[in-house]
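A quick write-up on the structure given underneath.
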Amino acid sequence: MEEQSELVPYDKRWEFPRYRIKLGIQLGVGCFGRVVKGEAVGIKGSGETVKTVAVKMVRSVTNVAALEALVSELKILIHLGSHMNVVNLLGACTKKISQGELLVIVEYCRYGNLRTYLMNHRDKSQSFWQYQQDPDVTLTRSISTRDLISWSYQIARGMDYLASKKVLHGDLAARNVLLADDGVAKVADFGMAKKMHFDIMTQHRSKIKTNAGLMPVKWMAIESLTDRVFSTQSDVWSYGVVLWELFTLGKVPYPGFGAGHQLIQAIQNGYRMEKPNKAPNLFGELMTNCWKTDPKERPAFSQLEETICGHMESTVNSNYLNLNALYVKFNEENDTATAKDLFGLAKLLTEKSQMNENKLQVNDNFRSPKNGNSYSPFPQRA
Ligand SMILES: Nc1ncnc2c1ncn2[C@@H]1O[C@H](COP(=O)(O)OP(=O)(O)O)[C@@H](O)[C@H]1O
Ligand SMILES: [Mg+2]
């Protein structure tokens, strides 16, 4: 385990003193890692005040493979830099890595993972196919189609940012998307992510994930299942499955199928899931396109973003752009990404947003709902 520390030739600016963080309740647990809530004093972006954070660690300090996976996740997070639709790194405690302890500190997302959130809000969503009528019901309101579309747009944006950074996610699923305040969705869990040196790679998955039982079969592209080939375009396939999860409010994909040979065979024979009843037709088309057998025929994340954007009211887009300016600022401070990288294809939207520029002041936008008068990313009716 000694050599693990050498695996972290990382920028000391990310190091956070262990004594300044208090660990709390568990937020989630996987086979090898767990995530707990924490209180950090004086961490990035909070001055000297206490900030609620999420801390990812390995479950067993003797599991070297799990530690390696977490080191790799930390490296990816550092490489990525900040984006509003990606869960952002705040710091790390690496000093005790030779004893198997590594804490990766990320921003806390109050509403947890998207899949659980969708499932928990099913009962209240009988009318979720209707656009919400009353914009004042912001805290306890049910999920509307508008929310689902907004999340699908934000996830595409987060994934477009990953693609622009040449990072392959490898495990995109609703369980790995987190919900923060103000309806903001963030792509998370980079435990299977890889930095691509070529646009397409044949991945030899890390030791701990090679067990077939741990592969996210129902989210994997046909070429990943058959030939272990991964690319941004295989992430696009997974995105199609996430759309399906969104519009079924968190159902398990391919109902009636296990995650075994039978399903893989069916997909190879051309079987694909149907459009969920409540999904707008456009989203049915998007799913079909994401699940094209030839990866080259699938849309790029930038195209998905643009198509969904066209479907939304323009105020939403411009508001998101303005909010993201805050993250551009973080990147400039950390010198990890340029504003140009950040916007990617969304630059197209900048023009639109200029018209609405004066509507929102960037630094005012991260108010939490409890402050009243909170910013909502959903279009408000006049
Ligand atoms: N930043 C966070 N804020 C709130 N909850 C989180 C956060 N990170 C993770 N979680 C919770 O923990 C679960 C597992 O986290 P994840 O990063 O996906 O780890 P794993 O690699 O074990 O799947 C998530 O599905 C979510 O419910
Ligand atoms: Mg996960």
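In each ligand, atom 1 is the first atom listed, and ligand 1 is the first ligand listed.
A donor-acceptor pair is defined here as one N or O able to donate and one able to accept, closer than 3.5 Å; no such pair exists between the side chain of His121 and the backbone of Thr116. Distance alone, capped at 3.5 Å, places no donor-acceptor pair between the Asp182 side chain and the Val184 backbone. Between the side chain of Arg110 and the main chain of Leu179, no donor-acceptor pair closer than 3.5 Å is present. At distances below 3.5 Å, not a single donor-acceptor pair connects side-chain atoms of Arg298 with backbone N or O atoms of Trp237.
Heavy atoms from other residues, nucleotides or ligands lying under 6.0 Å from CD of Gln265 number more than 12.
With a cut-off of 2.8 Å, the Mg ion (ligand 2) has no N, O or S atom of Asn113 in range.
Between Glu48 and Arg20, at least one side-chain N (NZ, or NE/NH1/NH2) sits under 4.0 Å from a carboxylate O, which counts as a salt bridge. Checked for salt-bridge contact, Glu245 and Lys251 miss the test: no charged N lies under 4.0 Å from a carboxylate O.
Assignment of Glu107 to the shell around ligand 1 is supported, since a heavy atom sits closer than 4.0 Å.
Counting only non-hydrogen atoms, the option in Val53, Leu27, Leu179 that gets closest to atom 5 (N) of ligand 1 is Leu27. Of the candidates Lys37, Arg115, Arg175, the one placing a heavy atom closest to atom 24 (C) of ligand 1 is Arg175.
Asp189 contributes atom OD2 as its closest N/O/S atom to the Mg ion (ligand 2).
Listed by number with element, the atoms of ligand 1 under 4.0 Å from a non-hydrogen atom of Asp189 are 16 (P), 17 (O), 18 (O), 19 (O), 20 (P), 21 (O), 23 (O). Listed by number with element, the atoms of ligand 1 under 4.0 angstrom from any heavy atom of Gly28 are 12 (O), 13 (C). Remark: ligand 1 atoms within the under-4.0 Å shell around heavy atoms of Lys56 are 16 (P), 17 (O), 19 (O), 20 (P), 21 (O). Here is the list of ligand 1 atoms found below 4.0 Å of a heavy atom in Val106: 1 (N).
The proximity of Ala54 to ligand 1, defined as any non-hydrogen pair under 4.0 Å, is limited to the side chain. Contacts between Asn176 and ligand 1, counted as non-hydrogen atom pairs separated by less than 4.0 Å, involve the side chain only.
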Exercise. Would Lys56 and Glu73 satisfy salt bridge (Lys or Arg N to Asp or Glu O under 4.0 Å), going step by step from the backbone distance to the final call?
Worked result: CA-CA 10 Å; Lys56 196 162 178 176; Glu73 185 163 0; 3.0 Å; yes
